[in-house]
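Both counts, for ligands and for their atoms, begin at 1 and track the order of listing.
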Amino acid sequence: MRKQIVILGGGTGGTMTANRLRRRFDQDEAEIHVVDRDDLHVYQPGLLFVPFGLSGLDEIVRPRHRQLRDGIVFHRSEVESVWIERDEVLLDDGAVLPYDVLVVATGVRLLPEETEGLTGPGWNERAFTFYTPEGAEQLQRALEWFDGGRIVVNVVDMPIKCPVAPLEFAFLADWYFRERRVRERVELVYATPLDGAFTKPVASERLAGLLADKGIELVTEFNAGEVDGVGGKLVSYDERTLDFDLLVTIPLHGGAPYVERSPGLGDALGFVPTDTRTLQTTAAPNVFALGDATDLPTSKAGSVTHFEGEVLAENVVRFLAGKELEPGYDGHANCFIETGFDKALLIDFNYDTEPLPGHFPGPVGLPLLRESRLNHLGKLMFQWVYWHALLPGRDIPGVGPTMPMWGKKRETIHA
Ligand SMILES: Cc1cc2nc3c(=O)[nH]c(=O)nc-3n(C[C@H](O)[C@H](O)[C@H](O)COP(=O)(O)OP(=O)(O)OC[C@H]3O[C@@H](n4cnc5c(N)ncnc54)[C@H](O)[C@@H]3O)c2cc1C
């Protein structure tokens, strides 16, 4: 009998998984369904460039269904809930999708309304986010007119997707105002709930150094509790105040609401408890998850989703064949960090190894933890790779779910 595979979410993880599984199963072996609420696939790393006029939404958004291989059924609908006990998904149009295997890939939901005052008066006038296509466009218009004052970039709380994107925004803002020759009139502040610029100590030190070099003030352990969008005040829970003329916020993130409505599927924040190595969830043996939707202790990033996707697809095949799952994912994450002036830094790490200097993927490759033009070109080229290799589910030689060690220099760190 044909197996039913239902994939919730047609973003990075859902699309890639559907395409990988379509290659692995003939039509008469498995029916593959993808559910997403809309038909607009956003290349999210491109949102970083929109506020600075370096990219337009028309360059980073494509029809979702067109990214799926022939023979995959696309449902444009909101997921209402999952009935784990019955192996069924309920959609908001009333349709019920039974499954043999379920893959959860519904990412995160932004919750700006959870921060008092943030979406009140001043929202999208003085307080913005570039984490949504609309927000990125509105911020672009505001930056165009901004030629003096105090800009605060604030991460409300962790976890967030792409933890380096707000830093990249600050670096690019420095470049942008220098290009416009008004940098001396613009004060840039980076406020984070972390105790440093980033989560991993070595990279954190390197990134804090870059902020200092560029004259961007770093404010740490700042837990934003309240925003006065008209008065231009960001207040932390411990009652510190940061004045701003323009606020760039990375709002609170949570899991998809249907996860909370589906008994046994998620945790208190709506993330899905998932095995760190096999990507099978704790909800049921036939439920797998990947990407931002999981509770895994690694970055919420497209690269992570990509590496997880390779292991997950293999394990879905194994599960349906009654074979043991492969514990093939090691937490591998890989991020280009745009630093302005056509340069970028690259970091590569996993559950056990923090970002190290050296080269990626091997001794001759892209420099790690060091600014370079090559990394910037890598970041720009990645959009092509995304649409033409990653989403279609093709393997990228030398870049996979196991972090490569052979180009890395351990001794430099301990020196
Ligand atoms: C500004 C920005 C910059 C970034 N830069 C980078 C970068 O440089 N490198 C990097 O690796 N990563 C980057 N990322 C992160 C990366 O885009 C995400 O980690 C990745 O897209 C996660 O994939 P996903 O499949 O888990 O979620 P998504 O790609 O977000 O897909 C989730 C899908 O689920 C759908 N969905 C959710 N709930 C429902 C529901 N109830 N019903 C129906 N559909 C639903 C959504 O519509 C969405 O299409 C960036 C993100 C942002 C916002």
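Near K379, meaning under 4.0 Å from one of its heavy atoms, ligand 1 places the atoms 8 (O). Ligand 1 places these atoms under 4.0 Å from at least one heavy atom of T305: 22 (C), 23 (O). Heavy-atom contacts of Y131 reach the following atoms of ligand 1: 1 (C), 53 (C) (cutoff under 4.0 Å). Proximity to K300 (heavy-atom distance under 4.0 Å) selects the following atoms of ligand 1: 19 (O). Atoms of ligand 1 lying under 4.0 Å from any heavy atom of R64, numbered from 1 in the order shown and given with element: 47 (O), 49 (O). When each atom of ligand 1 is checked for a heavy atom of F130 under 4.0 Å away, the hits are 1 (C).
Between A105 and ligand 1 there is a heavy-atom distance shorter than 4.0 Å.
A distance of 6.0 Å or more separates the ring centres of F171 and F341.
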Donor-acceptor contacts, no H, no angles, side chain residues 186-195, under 3.5 Å, sequence neighbours left out:
| unit_1 | atom_1 | unit_2 | atom_2 | d |
| --- | --- | --- | --- | --- |
| E187 | OE2 | R150 | NE | 2.9 |
| T192 | OG1 | L194 | N | 3.0 |

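At a heavy-atom cutoff of 4.0 Å, ligand 1 is contacted by no atom of H41, backbone or side chain.
Considering each of P45, G302, G11, the one bringing a non-hydrogen atom nearest atom 16 (C) of ligand 1 is G302. Summarising the contacts of atom 14 (N) of ligand 1 with G291, G10, C162, S77, the nearest heavy atom is found in C162. Closest to atom 25 (O) of ligand 1 by heavy atom, among P163, G13, G9, is G13.
In terms of N/O distances under 3.5 Å, ligand 1 is approached by V79. Considering backbone and side-chain atoms together, R37 places an N or O closer than 3.5 Å to an N or O of ligand 1. Looking at ligand 1, you'll find an N or O of T12 within less than 3.5 Å of one of its N or O atoms. Below 3.5 Å of separation, one finds an N or O of D292 facing an N or O of ligand 1. At least one N or O atom of S303, backbone or side chain, sits closer than 3.5 Å to an N or O atom of ligand 1.
At the shortest separation from atom 27 (O) of ligand 1 among protein heavy atoms lies G107 CA, 3.6 Å. Nearest protein neighbour of atom 2 (C) of ligand 1, counting heavy atoms only, is Q44 O, 3.4 Å. Regarding atom 49 (O) of ligand 1, its nearest protein heavy-atom neighbour is D36 OD2, 2.6 Å. In this structure, the protein non-hydrogen atom closest to atom 37 (C) of ligand 1 is T106 O, 3.2 Å.
Across A203 and F198, no two heavy atoms sit closer than the pair CB-CD2, 3.8 Å.
Side-chain N/O atoms of S236 and N223 include no donor and acceptor closer than 3.5 Å. When only modelled atom types and interatomic distance are considered, E371 and T339 share a side-chain donor-acceptor pair under 3.5 Å.
Under the 3.5 Å distance criterion, the side-chain polar atoms of Q67 are left unmatched by any main-chain donor or acceptor of R64. Within the 3.5 Å criterion, the main-chain N or O of L369 finds a donor-acceptor partner in the side chain of R206.
L246 has its side chain within reach of L139: a pair of non-hydrogen atoms, C-beta onward, lies under 4.5 Å apart.
Of the listed residues (R24, E326, K323), just one forms a side chain to side chain contact (heavy atoms under 4.5 Å, CB included) with V317, and that residue is R24.
Residues satisfying the ring-ring contact (aromatic ring centres under 6.0 Å, His included) criterion with Y386, sequence neighbours excluded, are H41, Y43.
Cation-pi geometry between K300 and F271 is met: under 6.0 angstrom from the ring centre, within 45 degrees of the axis.
Ring pair H332/F307 is parallel by interplanar angle, where below 30° counts as parallel and above 60° as perpendicular.
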